[in-house]
Amino acid sequence: MTPDALNALVDLLGLEALEENLFRGHSQDLGLPQLFGGQVLGQALSAASQTVAPARRSHSLHGYFLRPGDPHRPVVYQVDAVRDGGSFTTRRVTAIQKGRPIFFCSASFHGEEQSIAHQPAMPEVASPETLADSDARLERFPGHPIEFLHLGDEADTGQPARKRLWFRLVGELPDDQALHRYLLAYSSDFNLLTTALVPHGIDFRDPQLQIASLDHALWFHHDVRVDDWLLYDMDSPWADGARGFARGSIYDRQGRLVASSAQEGLTRLRR
């Protein structure tokens, strides 16, 4: 039996079908100034996935955040069936609130094939169990099923920005890859952009900071389970002009690179 918090998140991303290629999702308030971007990412991928045959799984998602979303209003998702090809399926999704688009993305789906393969080795880090037995920082949101176990090796001030942590959704989920992938899309937005703040010693809650996602890209490389620990290895090679750029590699316990992410966001300091 999954915990109530995980059930609520699954329901949040499940969506209500209004019409062919038209869906509605409820919103959650995480105490942020605007709607959490991960919710829109996960719901948009959920909407696209519901229009694609299960044999084809999402392998990439590219989206732009256009306007701040309202966490107290539902979001409507309009799916455009761009192409159903011999190997790939493409969907375009527009998220709408108050009659205006707040986000749009393209998602691509592909059937399983065998070909050349390579990946970088997963960083050598302490296991979640080892960290849990130490005084590592375990971060949770009240009433929320996601938890983060920080390795505590963030860069010092003036050093290249890097952040590494384990994360998971607490509870058991069915063996449904579409579900795990849009839950991963939801989770991938946590911590990524704030990696650009690490070398500057700025907290994302600083009242002088205006921070918001501008775009988000996610690539799925392997089947994944988000109800087991995943390592998120993030770095930010650049920030300037009130924007920061961050990228991430997501590994499972077996050391497989299961997904990659990239994001640019607003990092404006008001002095």
Side-chain angles (χ1 to χ4, degrees), residues 9-10 13 36-49 52 54 56-65 88-91 93 103 105-123 125 128 145-151 162-170 173-195 213 215-237 245-265:
L9 181 57
V10 171
L13 301 185
F36 173 53
Q39 176 197 310
V40 186
L41 287 166
Q43 288 181 331
L45 185 58
S46 172
S49 300
V52 178
R56 292 193 177 178
R57 296 175 176 175
S58 55
H59 71 90
S60 68
L61 173 72
H62 300 261
Y64 283 90
F65 296 92
F88 292 88
T89 297
T90 306
R91 296 290 184 263
V93 185
F103 171 84
C105 71
S106 297
S108 184
F109 300 76
H110 181 217
E112 186 174 357
E113 293 188 40
Q114 298 297 320
S115 186
I116 60 172
H118 66 267
Q119 69 156 77
M122 184 175 78
V125 298
I146 196 167
E147 61 183 13
F148 308 95
L149 196 52
H150 292 259
L151 272 75
R162 191 179 192 188
K163 192 189 301 184
R164 296 188 292 183
L165 53 85
W166 292 95
F167 73 94
R168 68 174 176 181
L169 296 177
V170 181
L173 290 166
D175 189 15
D176 176 355
Q177 265 309 297
L179 172 65
H180 284 269
R181 291 182 188 217
Y182 56 71
L183 284 168
L184 182 62
Y186 172 90
S187 304
S188 69
D189 195 40
F190 284 104
N191 291 287
L192 185 55
L193 181 56
T194 56
T195 307
S213 302
D215 61 13
H216 192 101
L218 183 62
W219 295 265
F220 302 95
H221 307 312
H222 287 287
D223 287 352
V224 60
R225 293 201 66 93
V226 293
D227 51 358
D228 193 8
W229 288 107
L230 297 167
L231 178 68
Y232 207 171
D233 184 6
M234 297 164 281
D235 77 312
S236 174
F245 173 71
R247 57 197 176 187
S249 298
I250 302 174
Y251 297 87
D252 65 13
R253 282 179 175 272
Q254 290 70 45
R256 295 187 311 161
L257 181 66
V258 295
S260 299
S261 62
Q263 186 175 77
E264 188 179 51

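- Under the ring-ring contact (aromatic ring centres under 6.0 Å, His included) criterion, Tyr186 pairs with Phe36, His144, Phe190, sequence neighbours left out.
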Are Leu184 and Phe167 close enough, and set up right, to give a side chain to side chain contact (heavy atoms under 4.5 Å, CB included), and what steps lead you there? CA-CA 10 Å; Leu184 182 62; Phe167 73 94; 3.8 Å; yes
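- Judged as a side-chain contact (heavy atoms from CB on, under 4.5 Å), and not counting sequence neighbours, the contacts of Arg225 are Leu173, Asp175, His180, Asp227.
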Report the C-alpha distance between Leu218 and Leu41 in whole Å, list the side-chain angles of each, state the deciding distance to 0.1 Å, and finish with yes or no for side chain to side chain contact (heavy atoms under 4.5 Å, CB included). CA-CA 10 Å; Leu218 183 62; Leu41 287 166; over 6 Å; no
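- Classification of the Phe103-Phe65 ring pair by plane angle, with boundaries at 30° and 60°, yields tilted.
- Between Leu165 and Phe148, the closest heavy-atom pair is CD1-CD2, 3.8 Å.
- Using modelled atom types and a 3.5 Å distance limit, the side chains of Tyr232 and Ser261 yield a donor-acceptor pair.
- Across Pro128 and Leu149, no two heavy atoms sit closer than the pair O-CD2, 3.4 Å.
- The salt bridge (charged side-chain N to carboxylate O under 4.0 Å, His left out) contacts involving residues 179-192 comprise Arg181-Asp223, where partners must be two or more places apart or lie in separate chains.
- The shortest non-hydrogen separation linking Leu61 to Ala107 is CD1-CB, 4.0 Å.
- Between Ser213 and Leu193, the shortest heavy-atom distance links the atoms N-CD2, 4.2 Å.
- Formation of a donor-acceptor pair under 3.5 Å by the Arg56 side chain with backbone atoms of Phe88 is found in this model.
- The closest side-chain heavy-atom distance from Asp233 to Lys163 is not below 4.5 Å.
- The OG1 atom of Thr195 sits 12.0 Å away from atom CZ of Arg164, with the distance rounded to the nearest 0.5 Å.
- Formation of a donor-acceptor pair under 3.5 Å by the Ser260 side chain with backbone atoms of Ser249 is not found in this model.
- For residues 105-116, no pair satisfies salt bridge (charged side-chain N to carboxylate O under 4.0 Å, His left out), with sequence neighbours left out.
- Taken to the nearest 0.5 Å, the OG atom of Ser58 stands 12.5 Å off from the NE2 atom of His110.
- In terms of the salt bridge (charged side-chain N to carboxylate O under 4.0 Å, His left out) criterion, residue partners of Arg253 (sequence neighbours excluded) are, by chain and number, Glu129, Asp228.
- In plain terms, the two heavy atoms of Gln119 and Leu257 that are nearest each other are OE1-N, 2.9 Å.
- If you take OG on Ser188 and CG on Leu230, they are separated by 11.5 Å, rounding to the nearest 0.5 Å.
- If you check the side chains of Ser106 and His62, you find no donor sitting under 3.5 Å from an acceptor.
- Distance CG/Leu45 to CG/Leu179: 10.5 Å, rounded to 0.5 Å.
- Gln254 CD to His222 NE2: the interatomic distance, rounded to the nearest 0.5 Å, is 11.0 Å.
- For Glu147, the salt bridge (charged side-chain N to carboxylate O under 4.0 Å, His left out) criterion is met by Arg140, Arg168, not counting sequence neighbours.
- Annotation for Tyr64: atom OH does not count as buried by contact number, only 12 or fewer foreign heavy atoms lying within 6.0 Å.
- Note that CG of Leu13 and OG of Ser46 are 6.5 Å apart. Values are rounded to the nearest 0.5 Å.
- Scanning all heavy atoms of the two residues, the minimum distance from Ala121 to Tyr251 falls at O-OH, 3.7 Å.
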